[in-house]
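Structure first, then comments.
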Amino acid sequence: MIAVLFGPPGSGKGTQAARVSARIGIPHIATGDILRDEVARGTALGLEAGPIMRRGMLVSDDLVVRVIEARLLQPDAARGALLDGFPRTVAQAEALDAMLARRGRGVDVLVALDVPDRVLKERVLKRAQLEGRPDDTPEALELRLATYRAETEPVLGHYGAPGTRVERIDGVGSIDAVTERITAALARGHEQAQAS
Ligand code: AMP
């Protein structure tokens with residue numbers, strides 16, 4: 001199953017994707033984690049992406065599509081993937097669809113977490129104290145939220161067309177409760193994908 005966990009910064013995608021992927025046995029692929037690792041290792045890609053990430057802006061579609069294409073070719077992704085933080089623009093969604101179509105596949109289900117802005121800001125500022133991510137400052141967060149609304153939300157419309165099941169769920173609640181909702185939404189989407 002190819003699944004996308006979708007939602008704004010601070011919606012809990014990373015935490016939830018790690019839990020859900022362990023449960024359902026498909027790898028969790030987070031472009032943000034891959035890019036942070038490249039930055040930490042000081043690779044050419046990391047040197048290019050790091051300053052853009054610190055400001056809370058999106059790295060280029062081209063760069064991130066190359067990253068995801070390489071990751072999806074690794075053997076563990078043969079049985080599927082739970083994507084987190086990708087696709088973040090309609091152009092990335094189109095590139096993903098094209099690379100999956102070459103293997104006779106497509107995105108089976110997209111689960112979108114709904115979380116109000118007020119809760120997102122509280123969560124991200126708390127994460128800033130715990131993890132010290134350089135893009136969790138109030139300024140970078142405002143930019144990331146604005147970018148999400150302008151560039152990323154339209155991806156939902158892209159997958160609104162027949163072929164992919166879009167499941168919107170409430171992302172507010174205990175971590176366990178949200179994990180249950182996501183797991184149930186993925187199961188519904190998977191069933192639908194098998195049936196079609
Ligand atoms: P995240 O951990 O998903 O919040 O990603 C952290 C940062 O990495 C983002 O603010 C972007 O700068 C960059 N990034 C991660 N995924 C993408 C993507 N799909 N497209 C563009 N930039 C990305």
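Reckoned from all heavy atoms, side chains included, excluding hydrogens, waters and symmetry mates. This structure is a prediction, so every number in the text was calculated from the model and none was measured. Just follow the structure's listing: the first ligand is 1, and inside any ligand the first atom is 1.
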* Is it true that the side chains of H28 and D33 contain a donor and an acceptor less than 3.5 Å apart? -> no
* Exercise: identify the closest heavy-atom pair between L143 and R55 -> CD2-O, 3.3 Å
Less than 3.5 Å apart, N/O on ligand 1 and N/O on the protein: could you list those pairs with the distances?
{"unit_1": "ligand 1", "atom_1": "2 (O)", "unit_2": "R36", "atom_2": "NH1", "d": "3.0"}
{"unit_1": "ligand 1", "atom_1": "2 (O)", "unit_2": "R36", "atom_2": "NH2", "d": "2.9"}
{"unit_1": "ligand 1", "atom_1": "3 (O)", "unit_2": "R88", "atom_2": "NH1", "d": "3.1"}
{"unit_1": "ligand 1", "atom_1": "3 (O)", "unit_2": "R88", "atom_2": "NH2", "d": "3.1"}
{"unit_1": "ligand 1", "atom_1": "4 (O)", "unit_2": "R88", "atom_2": "NH2", "d": "3.2"}
{"unit_1": "ligand 1", "atom_1": "4 (O)", "unit_2": "R133", "atom_2": "NH2", "d": "3.3"}
{"unit_1": "ligand 1", "atom_1": "5 (O)", "unit_2": "R88", "atom_2": "NH2", "d": "3.4"}
{"unit_1": "ligand 1", "atom_1": "12 (O)", "unit_2": "M57", "atom_2": "O", "d": "2.5"}
{"unit_1": "ligand 1", "atom_1": "16 (N)", "unit_2": "T31", "atom_2": "OG1", "d": "2.8"}
{"unit_1": "ligand 1", "atom_1": "16 (N)", "unit_2": "G85", "atom_2": "O", "d": "3.4"}
{"unit_1": "ligand 1", "atom_1": "16 (N)", "unit_2": "R88", "atom_2": "NH1", "d": "3.0"}
{"unit_1": "ligand 1", "atom_1": "19 (N)", "unit_2": "G85", "atom_2": "O", "d": "2.9"}
{"unit_1": "ligand 1", "atom_1": "19 (N)", "unit_2": "Q92", "atom_2": "OE1", "d": "2.9"}
{"unit_1": "ligand 1", "atom_1": "20 (N)", "unit_2": "Q92", "atom_2": "NE2", "d": "2.9"}
{"unit_1": "ligand 1", "atom_1": "22 (N)", "unit_2": "V59", "atom_2": "N", "d": "3.1"}

* Asked: Can you list the residues that meet the side chain to side chain donor-acceptor pair (under 3.5 Å) rule with R102, with sequence neighbours excluded?
  -> E69
* Asked: Does Y148 share a hydrophobic cluster with V124, counting links as ILVMFWY side-chain heavy atoms below 4.5 Å and allowing steps through other members?
  -> no
* **D136 with R144: basic N within carboxylate O range, under 4.0 Å** => yes
* Heavy-atom donor-acceptor pair, T31 side chain to G85 backbone, under 3.5 Å -> yes
